[in-house]
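Take a look at the structure below.
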Amino acid sequence: MLNKKCAKKVLEEMIALFPNAEPELNFKNRYQLLVAVLLSAQTTDIAVNKVTPALFEAYPNPASLAKASPEELMPYLQTIGLYRNKAKYLHLCANQLMERHQGEIPSNRKDLEALAGVGRKTTNVVLSVGFGIPAFAVDTHIHRICLHHKIVDPGASVRQVENRVMEVVDKDQWIQAHQSLILFGRRICHPRNPECHNYPQLFTCQEEE
DNA sequence: AACTCGGGGCA
DNA sequence: TGCCCAGAGTT
């Protein structure tokens with residue numbers, strides 16, 4: 001894999017290609033953030049945004065959501081993939097928020113990851129975006145581009161990518177880097193037929209260690 | 001570690 | 001139209 005200096009250079013060139021990338025999910029508070037990210041698991045942010053306004057109007061907080069049965073949640077989730085599971089996890093998650101955290105969104109990794117439907121990526125988004133706590137959320141786009149551009153060793157896990165990016169990118173850029181790198185993965189470094197070769201600045205620093 | 005889930009998006 | 005996707009849970 002690239003040494004630290006080149007990994008930093010390559011990541012910064014990727015980020016510079018999408019300097020103004022903004023979060024695509026619509027949310028107004030931590031509860032909405034958690035729910036929106038939870039729902040976005042197997043779908044696009046755009047699909048989630050179509051559903052959340054009505055969902056948040058009907059269920060503005062964990063307390064109201066916890067009272068809803070999975071069946072009642074289904075109509076809001078029909079247009080999203082895996083709606084049965086999402087309804088189940090959403091229902092469970094809201095009840096866990098009430099029982100364990102008095103309806104507040106926990107601010108630590110252990111409690112967040114223990115919630116139904118909440119895994120490592122969702123946890124890192126809530127920590128970093130919702131609470132300003134240093135964390136870096138690695139999705140499959142970021143995982144892929146880091147493998148493709150040798151930011152990490154071949155076969156590196158999500159956790160290894162997470163640690164490498166945090167090691168290499170300045171902490172105050174983590175949230176922006178997350179957004180920019182996702183766009184780089186979607187628009188340029190696709191799973192198949194990546195167009196990275198059109199961006200020679202990505203290949204100027206290739207020293208490995 | 002491999003498998004499952006299931007509609008949306010893209011070739 | 002058919003293949004692949006993304007992230008969490010399950011086995």
Side-chain angles (χ1 to χ4, degrees), chain A residues 18 21 23-27 30-55 62 65 70-71 73-97 100 105-106 108-130 135-148 151-165 174-175 177-196 198:
Chain A
F18 299 94
E24 296 183 337
L25 284 177
N26 296 332
F27 64 93
R30 288 167 185 156
Y31 158 72
Q32 293 189 359
L33 173 65
L34 176 63
V35 171
V37 177
L38 191 156
L39 291 182
S40 75
Q42 287 92 354
T43 330
T44 60
D45 291 353
I46 296 94
V48 173
N49 285 338
K50 289 179 189 166
V51 152
T52 45
L55 183 68
L65 187 61
E71 290 71 28
L73 298 177
M74 293 276 279
Y76 298 93
L77 310 182
Q78 293 284 350
T79 58
I80 311 182
L82 280 188
Y83 52 87
R84 288 188 202 85
N85 282 329
K86 285 177 191 297
K88 185 177 76 178
Y89 292 140
L90 203 52
H91 169 81
L92 261 174
C93 180
N95 280 278
Q96 290 165 344
L97 282 175
R100 302 173 186 172
I105 308 300
N108 66 84
R109 158 163 283 113
K110 183 167 148 291
D111 288 341
L112 282 168
E113 284 190 345
L115 295 169
V118 177
R120 182 136 194 123
K121 189 219 161 184
T122 304
T123 293
N124 283 342
V125 172
V126 171
L127 286 176
S128 58
V129 178
F136 190 86
V138 174
D139 72 344
T140 55
H141 295 290
I142 295 175
H143 194 178
R144 180 181 67 252
I145 68 177
C146 287
L147 290 168
H148 190 267
I151 304 300
V152 291
D153 285 321
S157 66
V158 169
R159 291 291 301 277
Q160 288 172 306
V161 172
E162 193 178 308
N163 290 334
R164 184 66 168 161
V165 172
W174 286 356
I175 291 179
H178 172 79
Q179 298 299 334
S180 299
L181 292 176
I182 286 175
L183 278 190
F184 175 75
R186 284 216 297 248
R187 307 272 176 80
I188 296 172
C189 194
H190 321 112
R192 285 184 306 284
N193 305 321
E195 297 162 31
C196 308
N198 292 329

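When reading the values below, keep in mind they use all heavy atoms of this one structure, side chains included, and skip hydrogens, waters and symmetry mates. Within every chain, numbering begins at 1; the chains are lettered A, B, ... in the order of the sequence lines, protein sequences first and strands thereafter.
Within the 4.5 Å cutoff, side-chain heavy atoms of A:Leu112 are placed close to those of A:Ile105. A 4.5 Å side-chain heavy-atom check between A:Phe18 and A:Gln179 finds every atom pair outside the cut-off. Between A:Phe136 and A:Leu181, the closest side-chain pair of non-hydrogen atoms falls below 4.5 Å.
Map A:Asn85 and A:Thr43 each onto its nearest nucleotide of DNA chain B; the residue landing nearer the 5' end is A:Asn85. Sequence order on DNA chain B of the closest nucleotides to A:Lys50 and A:Arg84 puts A:Arg84 first from the 5' end. Mapped onto DNA chain C by nearest heavy atom, A:Pro191 and A:Gly119 fall at different nucleotides, with A:Pro191 at the one closer to the 5' end.
Here C:dA6 is the nucleotide among B:dG7, B:dG9, C:dA6 with the atom lying nearest to any side-chain atom of A:Thr140.
Evaluated for a side chain to side chain contact (heavy atoms under 4.5 Å, CB included) with A:Val126, the options A:Val118, A:Leu34, A:Leu115 yield exactly one hit, A:Leu34.
Atom CG of A:Leu77 and atom C1' of C:dA8 are 16 Å apart (whole Å). Residue A:Asp45 contributes atom CG, which lies 18 Å from atom P of C:dC5 at whole-angstrom precision. Rounding to whole angstrom units, CZ of residue A:Arg187 and C1' of B:dC10 are separated by 15 Å. Between the OH atom of A:Tyr89 and the P atom of C:dA8 there is a distance of 11 Å, rounded to whole Å. Across the protein-nucleic acid pair, A:Arg192 atom CZ and C:dC3 atom C1' stand 8 Å apart, rounded to whole Å. Rounded to whole Å, atom C1' of C:dG9 lies 8 Å from atom NZ of A:Lys88. When the C1' atom of B:dG7 is taken as reference, atom CD of A:Gln78 falls 11 Å away, rounded to whole Å. Rounded to whole Å, atom P of C:dC5 lies 17 Å from atom CD1 of A:Ile142.
Look at the P atom in both C:dC4 and B:dC3: the space between them is 15 Å, to the nearest Å. Of the P atoms belonging to C:dG9 and B:dG8, the separation is 23 Å, rounded to the nearest Å.
Across all strands, A:Thr122 comes closer than 4.0 Å only to sugar-phosphate atoms, never to a base (heavy-atom distances). Among the protein residues, A:Leu92 comes within range of no part of the nucleic acid, since none of its heavy atoms lies under 4.0 Å from any strand.
Remark: A:Asp139 CG to A:Arg120 CZ distance equals 14.0 Å, nearest 0.5 Å.
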